[in-house]
Enquirer: 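Take a look at this one; I'll ask things after.
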Protein chains: 2
Amino acid sequence: MEALPDGAAHVGPRVRALRTERGLSLSELARRAGVGKATLSGLEAGTRNPTLDTLHSVAAALGVALTALVEGPRIHGAAVRMDLLRVFEEGAATYELYRMRIPAGTAQTSPPHHPGVTEHATVFAGELRAGPLHDPASAGPGGYLEWAADAPHGYAAVGEQDVHASLLIRYPR
Amino acid sequence: MEALPDGAAHVGPRVRALRTERGLSLSELARRAGVGKATLSGLEAGTRNPTLDTLHSVAAALGVALTALVEGPRIHGAAVRMDLLRVFEEGAATYELYRMRIPAGTAQTSPPHHPGVTEHATVFAGELRAGPLHDPASAGPGGYLEWAADAPHGYAAVGEQDVHASLLIRYPR
DNA sequence: TGCCATCGTTCCGTAAACGGAACGATGGCC
DNA sequence: GGCCATCGTTCCGTTTACGGAACGATGGCA
């Protein structure tokens, strides 16, 4: 009965975490959000299947975007962990925006994507070495890399710090 | 009766757009998602207040993240339009990731934030001029800018193209 | 110690989201 | 023309998420 869909199962704990971080009681948050305490209690416990309406109210009361409550799929490779943040459907292409984390000193390769697909990385922390396997490039904090992803490519954290970066993958129509 | 909360009002049209882009009929998507046609019909029309369960099923059948269906708040300034993509609660700071768009030739200023707040912009398209009002800097596609946001600062699209960029705002604890 | 406010959970009647079935409309196909 | 599959909407009974109220537990404070 408590079996919620995979991607939604973490909403409850996340709400509870955000709430306690802010030092709010369940009653207080319920009051601010304008939802019943029973609703919020069940939401946090994972015993309810909340409505979009409820989620929106709670997110607003927590001061976060609804997006912050629902987790995107997490891709766990050998070294790289990527969280899908957002999908943009533009006119001529689809964009997927990931947050990428690579532990220091580790690396991972990726098989080619479809022709025309490009990847764009912005480094926030650490030293990222990425690109086609035959011609990778490096970038530190604030740096930017892009490469064609229709050939085998890889990612590596070459410095002593974990790499934090955003990765934008562009799929042309 | 059809009054759904602001941030949720666009879910229906977005689902319909994603579905028709894929050439799927309503019946077919409902079948693939394992939801009733009545449910999907009402969801797209905005006459229902869908459950997290339902949203997850539909997103999965469309092959997109749940994140792609729910819009973050949109900040509409004089020139800059920003969509909040994600909020990260790290140990020592909170990060807000925005997508920023500035029409060519326009500019906007922003009042100071709290001390210690920094902003980090990565330009995808156009020429961005941004930073403290007394010392702005410029960056083109692939470029990166960062500045302290605890002083008056501004953003401008100085080239002939609209600026598309990601803006990361870091709030220390 | 008693008193009281607030905590989070549980109970319960109501409102509504759910899936299945029936509906008329539309578009091949023979 | 008739036939039939599929379209998206609507109807309807069942399930369940909803908010309000009641609950016992906990923690100041006089």
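Chain identifiers are assigned alphabetically (A, B, ...) following the order of the sequence lines, protein sequences preceding nucleic acid strands; residue numbering begins at 1 within each chain. All of these numbers come straight from a predicted model, not from anything done at the bench.
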Enquirer: In plain terms, say whether A:R19 and A:E44 are close enough for a salt bridge, that is, a side-chain N and a carboxylate O under 4.0 Å apart.
Expert: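 Looking at A:R19 and A:E44, the cut-off is met.
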
Enquirer: Report which part of the nucleic acid B:S27 touches: base, sugar-phosphate, or nothing (heavy-atom distance under 4.0 Å, all strands).
Expert: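 Base contact - B:S27 has a heavy atom under 4.0 Å of at least one base atom.
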
Enquirer: According to a strict under-4.0 Å criterion, is A:T54 in side-chain N/O contact with OP1 or OP2 of D:dC18?
Expert: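 For D:dC18, OP1 or OP2 has a side-chain N or O of A:T54 closer than 4.0 Å.
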
Enquirer: Under a 3.5 Å cut-off for both distances, is D:dC23 Watson-Crick or wobble paired, and to whom?
Expert: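 Matched D:dC23 with C:dG8 under the 3.5 Å cut-off.
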
Enquirer: Distance check needed: C:dG19 P versus B:L43 CG, whole Å only.
Expert: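 Between P of C:dG19 and CG of B:L43: 11 Å.
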
Enquirer: Would you mind reading off the distance between A:N49 atom CG and C:dA16 atom C1', rounded to a whole angstrom?
Expert: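 Value for this atom pair: 13 Å.
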
Enquirer: Between B:L40 and B:K37, just flag the one whose closest nucleotide in DNA chain C comes earlier from the 5' side.
Expert: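 The answer here is B:L40.
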
Enquirer: Would you say A:E119's side chain and A:A149's backbone share a donor-acceptor pair under 3.5 angstrom?
Expert: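 Absent.
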
Enquirer: Once you round it to whole Å, what is the distance between P of D:dA17 and NE2 of A:H56?
Expert: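 My rounded result for the distance is 21 Å.
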
Enquirer: Would a distance-only check, ignoring hydrogens and angles, find a side-chain to backbone donor-acceptor pair under 3.5 Å from B:T39 to B:V35?
Expert: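 No, because the side chain of B:T39 does not come within donor-acceptor range (under 3.5 Å) of the backbone of B:V35.
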
Enquirer: Expressed as a whole number of angstroms, how long is the span from A:L29:CG to C:dG8:P?
Expert: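 Distance check: A:L29 CG to C:dG8 P gives 10 Å.
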
Enquirer: Closer than 3.5 angstrom, by distance alone: can the side chain of B:S41 be matched with the main-chain N or O of B:K37 as a donor-acceptor pair?
Expert: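 Not confirmed, B:S41 side chain does not pair with B:K37 backbone.
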
Enquirer: D:dG19 P sits how many Å from A:R31 CZ, rounded?
Expert: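 So the two atoms are 15 Å apart, to the nearest Å.
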
Enquirer: Please tell me which of the listed nucleotides, D:dG8, C:dA17, C:dT10, lies nearest to the side chain of A:T51?
Expert: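 Nearest nucleotide to the side chain: C:dA17.
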
Enquirer: D:dC18, C:dG8, D:dT10: which one has an atom nearest the side-chain heavy atoms of B:A38?
Expert: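 The nucleotide sitting nearest to the side chain is D:dT10.
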
Enquirer: Can a donor-acceptor pair be found, under 3.5 Å and without considering hydrogens, that links the side chain of A:H134 to the backbone of A:P132?
Expert: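 Pair absent, no side-chain N/O of A:H134 close to backbone of A:P132.
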
Enquirer: Just to confirm, is there a sub-4.0 Å distance from OP1 or OP2 of C:dT9 to any side-chain nitrogen or oxygen of A:S41?
Expert: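 Yes, such a contact exists.
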
Enquirer: Would you mind classifying the nucleic acid contact of B:R19 as base, sugar-phosphate or nothing, using non-hydrogen atoms under 4.0 angstrom?
Expert: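 Touches sugar-phosphate only.
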
Enquirer: Which nucleotide in the list D:dC18, C:dG19, C:dT9 gets nearest to the side chain of B:V35?
Expert: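 My answer, after comparing the listed nucleotides, is C:dG19.
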
Enquirer: Could you work out which one of C:dT9, D:dT10, D:dG8 sits closest to the side chain of A:L26?
Expert: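 The answer is C:dT9, which lies nearest to the side chain.
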
Enquirer: So, is A:T39 near the phosphate of D:dA17, with a side-chain N or O under 4.0 Å from OP1 or OP2?
Expert: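 For D:dA17, neither OP1 nor OP2 has a side-chain N or O of A:T39 closer than 4.0 Å.
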
Enquirer: For a quick check of understanding: with a heavy-atom distance under 4.0 Å over all strands, which category does A:R16 fall into, base, sugar-phosphate or nothing?
Expert: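 Counting heavy atoms under 4.0 Å across all strands, the contact made by A:R16 is with sugar-phosphate only.
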
Enquirer: At under 4.0 Å, does any side-chain N or O of B:R48 touch on OP1 or OP2 of C:dC18?
Expert: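 Yes, because at least one side-chain N or O of B:R48 sits under 4.0 Å from OP1 or OP2 of C:dC18.
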
